[in-house]
Amino acid sequence: MAQTSVVQDNLRKEMKDPYRRQGRLLRTWNHNKTLWLLFLPCLLYYLIFRYAPMFGLVITFKDYNLFKGIWASDWVGLKYYRMFFENPDFWPLMKNTLLLGLYKLVFGFPAPVILAILLNEVRKAAFKKFVQTVSYLPHFISNVIVASMVIMFLSPTGGLINNLLGTFGIGPVNFMNEPGMFRGIYVLSEIWQHIGWETIIYLAALTAIDPQLYEAADMDGASRMRKIWHVTLPGISPAIVITLILNIGKVLEIGFEKVFLMQNPAIYDTADIISTYVYRVGMEQGNFSYGASIDLFMGIISLIFIYSANYISRRVSETSLW
């Protein structure tokens, strides 16, 4: 108790004395200089490309004119937000974006967890490495190529899937012109492209599980499924919760590139989402203030989602982002 009191007194003195505090900061810098230098590129990236452009959000409250500039443009208040809310396309766009994000969360989020558990159960190292390599590779393929591959495979004239269906006397089916099929095609392509890369997080978490827990489970006669349920899943549950919170925050942040490349006017009923709409009104029509207003609105909704998910997680478990 006496030692603790001495430490607290020293900390109070350092907080009151700016010179001692500066000396402490300098010692901390000298001790962790290499780590700070490694962190510097990441810090510069966020300062330059994330925080610095935020001043441009003022155009959401202005009738931005490219020739007048941001500050000389006229103030219009919440005009563009009201315009978006009163737009007849508002609810269809919200519905399409939300459903596509929920489908991706419900079906895409568990996929890497399942793959990581299955790989953890594999005993042959060569086969395990082969599966890992094959599943990682699609992540490094650009969205342009992935979208082109999907369109080619599903083509009604010579596409691989239609050729396989033809052997059973089915088809041809024009998958990319069926509005009801777009969400399933998009989610499956996302799972195929990113499942291996996202598995890395859970494989790393699996290495932190104490092997003695599995040995104890073997001594108790637990089956493989019991060990997965009572040892493996609890061991990686913190990683699962953290990634789930982050994914909930990104429900409305559907990747623009792949959706834009895979959609066509025939399937706008289900494929037209907010990011593609922003591209049309902001870039093609040149209404930058309107497009920025929609983007800011979606950012606020995503912030509410991630904050709510973190709050619920903190209340029902011991794991949360903050």
Side-chain angles (χ1 to χ4, degrees), residues 97-147 149-150 153 182-211 213-214 224-259 261-262 273 275 302 305-306 308-310 312-313 316-321:
T97 306
L98 188 59
L99 284 178
L100 199 59
L102 287 175
Y103 283 10
K104 184 180 175 183
L105 180 68
V106 171
F107 298 104
F109 175 74
V113 179
I114 295 171
L115 179 60
I117 293 173
L118 292 176
L119 288 173
N120 188 56
E121 296 297 315
V122 172
R123 296 293 175 260
K124 293 184 178 180
F127 178 73
K128 184 176 181 178
K129 290 179 180 179
F130 172 77
V131 173
Q132 284 180 289
T133 303
V134 171
S135 61
Y136 292 166
L137 287 177
H139 176 79
F140 300 99
I141 302 175
S142 72
N143 285 323
V144 176
I145 296 176
V146 171
M149 291 171 63
V150 170
F153 289 158
F182 174 78
R183 294 187 184 115
I185 294 170
Y186 175 83
V187 172
L188 287 174
S189 69
E190 280 287 291
I191 294 173
W192 172 76
Q193 186 177 4
H194 300 296
I195 185 172
W197 183 256
E198 294 173 358
T199 300
I200 296 175
I201 299 172
Y202 304 110
L203 288 175
L206 284 167
T207 61
I209 299 176
D210 190 349
L213 296 175
Y214 290 106
R224 181 168 289 188
M225 287 302 298
R226 286 287 183 182
K227 286 188 285 186
I228 291 173
W229 185 257
H230 294 288
V231 179
T232 305
L233 284 175
I236 63 174
S237 59
I240 294 175
V241 172
I242 293 299
T243 52
L244 177 60
I245 294 171
L246 294 173
N247 278 275
I248 289 174
K250 295 189 292 185
V251 163
L252 297 180
E253 297 180 11
I254 305 299
F256 161 77
E257 297 91 350
K258 189 184 292 185
V259 175
L261 292 167
M262 291 173 60
I273 60 175
S275 59
S302 296
F305 277 8
I306 195 170
S308 302
N310 187 76
I312 295 171
S313 175
V316 301
S317 69
E318 298 179 355
T319 305
S320 61
L321 288 175

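Quick caveat, the model's predicted, so the values are computed rather than measured. Starting from 1, each residue takes its place in the sequence as its number.
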- Message: Using the rule given for side chain to side chain contact (heavy atoms under 4.5 Å, CB included), can you reason through Ile236 versus Val113, listing the C-alpha separation, both sets of side-chain angles and the distance that settles it, and then say yes or no?
- Response: CA-CA 9 Å; Ile236 63 174; Val113 179; 4.3 Å; yes
How far does [atom1] of [X] sit from [atom2] of [Y], to the nearest 0.5 angstrom?
| X | Y | atom1 | atom2 | value |
| --- | --- | --- | --- | --- |
| Ile195 | Leu115 | CD1 | CG | 4.5 Å |
| Leu246 | Ile201 | CG | CD1 | 8.5 Å |
| Ile242 | Asn247 | CD1 | CG | 11.5 Å |
| Ile273 | Leu98 | CD1 | CG | 11.5 Å |
| Met262 | Ile185 | CE | CD1 | 6.0 Å |
| Lys258 | Ser275 | NZ | OG | 13.0 Å |

- Query: Just one of Thr97, Leu105, Ile306 clears the side-chain contact (heavy atoms from CB on, under 4.5 Å) bar with Val251, so which one?
  - Reply: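 Exactly one candidate clears the test, Leu105.
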- Message: Would you say CZ of Phe109 has more than 12 non-hydrogen atoms from neighbouring residues, nucleotides or ligands within 6.0 angstrom?
- Response: yes
- Task: Kindly check if the number of other-residue, nucleotide or ligand heavy atoms within 6.0 Å of NZ (Lys128) is above 12?
- Result: yes
- Evaluate the criterion side chain to side chain contact (heavy atoms under 4.5 Å, CB included) for residue pair Phe305 and Glu253; output intermediate values, then yes/no. CA-CA 11 Å; Phe305 277 8; Glu253 297 180 11; over 6 Å; no
- Looking at Leu206 and Ala116, what are the two nearest heavy atoms and their distance?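 Leu206 and Ala116 have their closest heavy atoms at CD1-O, 3.6 Å.
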- Item | Closest contact, heavy atoms only, Ala239 versus Ala205 | CB-CB, 4.1 Å
- Query: Taking the six-membered ring for Trp, are His139 and Trp197 parallel (under 30°), tilted (30 to 60°) or perpendicular (over 60°)?
  - Reply: parallel
- Any side-chain heavy atom of Leu100 within less than 4.5 Å of one from Val259? yes
- Does a side-chain heavy-atom distance below 4.5 Å link Ile191 with Val187?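 Counting from C-beta outward, Ile191 and Val187 do come under 4.5 Å.
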- Query: Does Ile141 offer a backbone N or O that forms a donor-acceptor pair with the side chain of Gln193 under 3.5 Å?
  - Reply: yes
- Task: Could you tell me whether the side chain of Ser313 and the main chain of Asn310 form a donor-acceptor pair under 3.5 Å?
- Result: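 No: the side chain of Ser313 does not pair with the backbone of Asn310.
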- Item | Axial cation check for Tyr214 ring with Lys227, 6.0 Å and 45° limits | no
- Decide side chain to side chain contact (heavy atoms under 4.5 Å, CB included) for Glu198 and Thr243; before the verdict, give the C-alpha distance in whole Å, the side-chain angles of both, and the deciding distance to 0.1 Å. CA-CA 10 Å; Glu198 294 173 358; Thr243 52; over 6 Å; no
- Regarding Tyr136 and Thr199, is there a side-chain donor-to-acceptor distance under 3.5 Å anywhere? no
- Are Val150 and Leu261 close enough, and set up right, to give a side chain to side chain contact (heavy atoms under 4.5 Å, CB included), and what steps lead you there? CA-CA 10 Å; Val150 170; Leu261 292 167; over 6 Å; no
